[in-house]
Number of protein chains: 2
Amino acid sequence: MTDTAPLDPRQLTAYLALKDVAALLEHAVEQQLKEDGGLTTPQFQILATLADAPDGRRRMTDLADGLVYSRSGLTYQAAQLEKAGLVTRASAEDDERSVIVTLTEAGRAVLFKVMPGHIEVVRRLFLTPLGDADITAITDILGRVRAQMRSAPPRSAKPRRTRS
Amino acid sequence: MTDTAPLDPRQLTAYLALKDVAALLEHAVEQQLKEDGGLTTPQFQILATLADAPDGRRRMTDLADGLVYSRSGLTYQAAQLEKAGLVTRASAEDDERSVIVTLTEAGRAVLFKVMPGHIEVVRRLFLTPLGDADITAITDILGRVRAQMRSAPPRSAKPRRTRS
DNA sequence: TATTGTTATACTCTATAACTATA
DNA sequence: TATAGTTATAGAGTATAACAATA
């Protein structure tokens, strides 16, 4: 049986606080990325993910899994980034079906240009009122929540539907 | 002087955990609202805000302030909701410039229909791994962050970055 | 047959600026 | 002049389904 009784007020408050903070933070970050580097949030996420990967290279599918996008959405974003010269796309050598996305020097440069402002926004809006213990608590609690979510993935994160 | 030194790893982890959890939760909620009631997230937010107001009535401006939207965005959403019969719009009696948005019975019904699933998703993905102490901690910490955000000076006040 | 990725299409959402009208 | 809201426009993002190519 699924529990659909109303949330008690304390739970509701916690949920609303999370949503509120996330929304305001996302909004501020979006502004900053656009102003400092002409990047949208999804574009920044892709570039940042690539920058974290060995040689700045990733398969499309691996990128799509790490982020929340659909494959077609990622194709669109990758095309935008390629047009802007921030990434390149090429077939994988070992599997001709796969496409390897690679961060270019220009891509790295944009990321480099954008990071200070990004950090500044996160610090100013999110980290300022948090002490060490708060950081620990947030990480611990949200880490547990994230694990829970990953073990019960939302519909969009499900593997692609197999044809019948 | 703005601090743009890199975030220490623990701070970064906390930030990423927040973003991750918020993104996954938003995505799951979006799916559920669409499936159970044909509502988008912004539409649900507006209906829920109205349901919380006395008589289910609010001025457009007050709605826009509570949510994060621009006025034109809210006008668009209100028009969609009105077309669907879930709200009505009428000029305020005391100020002819203002528009009062009112939740209809149909609007209340949709909200009623959607809430159990909404609660179930929030509970399953977010609340399940949280104890009482976690709820308290989250609420306290994020409450402080939210207060900080609302009082933080806008970034536009800062001097513009030098051209490259 | 399954997997990887793209394309075609259609729609939602959002922001900016110009506009109307009321205060 | 300032405020409340709408409209026109234009663009970005997304998902779904159909498609091609490779494994």
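Treat the numbers as computed from the prediction; the structure is a model and nothing was measured. The chains referred to below are lettered A, B, ... by the order of the sequence lines, with proteins before strands, and numbering in each begins at 1.
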Taking salt bridge (Lys or Arg N to Asp or Glu O under 4.0 Å) as the definition, give me every residue that meets it alongside [X], ordered by chain and number, with sequence neighbours left out.
X       : answer
B/Arg89 : B/Glu82
B/Glu96 : none
B/Asp52 : none

Residue whose closest nucleotide on DNA chain C lies nearer the 5' end, A/Ala78 versus B/Leu39: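 By nearest-heavy-atom nucleotide position, the 5'-most residue is A/Ala78.
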Please tell me which of A/Arg59 and A/Lys34 maps to the more 5' nucleotide of DNA chain C, matching each residue to the nucleotide holding its nearest heavy atom.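 Here A/Arg59 is the residue nearer the 5' end.
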Is the phosphate of [N] approached by [X] (side-chain N or O, under 4.0 Å from OP1 or OP2)?
X       : N      : value
A/Gln77 : D/dG13 : yes
B/Gln43 : C/dC13 : yes
B/Ser70 : C/dA15 : yes

For the pair made of [atom1] in [X] and [atom2] in [N], what is the distance, rounded to whole Å?
X       : N      : atom1 : atom2 : result
A/Lys83 : D/dG13 : NZ    : P     : 11 Å
B/Gln31 : C/dT12 : CD    : C1'   : 14 Å
A/Leu74 : D/dA15 : CG    : C1'   : 14 Å
A/Glu26 : D/dA12 : CD    : P     : 20 Å
B/Arg58 : D/dA4  : CZ    : P     : 15 Å
A/Tyr76 : C/dT9  : OH    : P     : 17 Å
A/Gln80 : C/dT6  : CD    : P     : 13 Å
B/Ile46 : C/dT12 : CD1   : P     : 15 Å

Which atom pairs, one a donor and one an acceptor, fall under 3.5 Å between side chains of residues 134-141 of chain A and the rest of the protein, sequence neighbours left out?
unit_1   : atom_1 : unit_2   : atom_2 : d
A/Asp134 : OD1    : B/Arg144 : NH2    : 3.3
A/Asp134 : OD2    : A/Gly131 : N      : 2.9
A/Asp134 : OD2    : B/Arg144 : NH1    : 2.9
A/Thr136 : OG1    : A/Asp132 : O      : 3.1
A/Thr136 : OG1    : B/Arg10  : NH2    : 2.5
A/Thr139 : OG1    : A/Ile135 : O      : 2.8
A/Asp140 : OD2    : A/Arg144 : NH2    : 3.0

Selected nucleotide, minimal atom distance to A/Thr75 side chain, candidates C/dT14, C/dT7, C/dT12: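 Looking only at heavy atoms from C-beta outward on A/Thr75, the closest nucleotide is C/dT7.
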Can you tell which of C/dT6, D/dT16, D/dA12 lies closest to the side chain of A/Ser72?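 Nearest listed nucleotide: D/dT16.
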Between the side chains of A/Lys34 and A/Glu30, is the shortest nitrogen-to-carboxylate-oxygen separation below 4.0 Å, so that they form an ion pair?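 Salt bridge absent between A/Glu30 and A/Lys34.
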Assuming nearest nucleotide by heavy-atom distance, tell me which of B/Glu30 and B/Met60 is located more 5' along DNA chain D.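 Nearest nucleotide further toward 5': that of B/Met60.
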Could you tell me whether the side chain of B/Leu18 reaches within less than 4.5 Å of the side chain of A/Leu18, counting heavy atoms only?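 Side-chain contact under 4.5 Å: yes.
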Considering residues at least two apart in sequence or located in another chain, which fulfil the ring-ring contact (aromatic ring centres under 6.0 Å, His included) criterion with B/Phe44?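 Residues passing ring-ring contact (aromatic ring centres under 6.0 Å, His included) with B/Phe44: B/His118.
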Under 4.0 Å, heavy atom to any atom of DNA chain C: which of residues 89-99 of chain A qualify?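 By residue number: A/Arg89, A/Arg97, A/Ser98, A/Val99.
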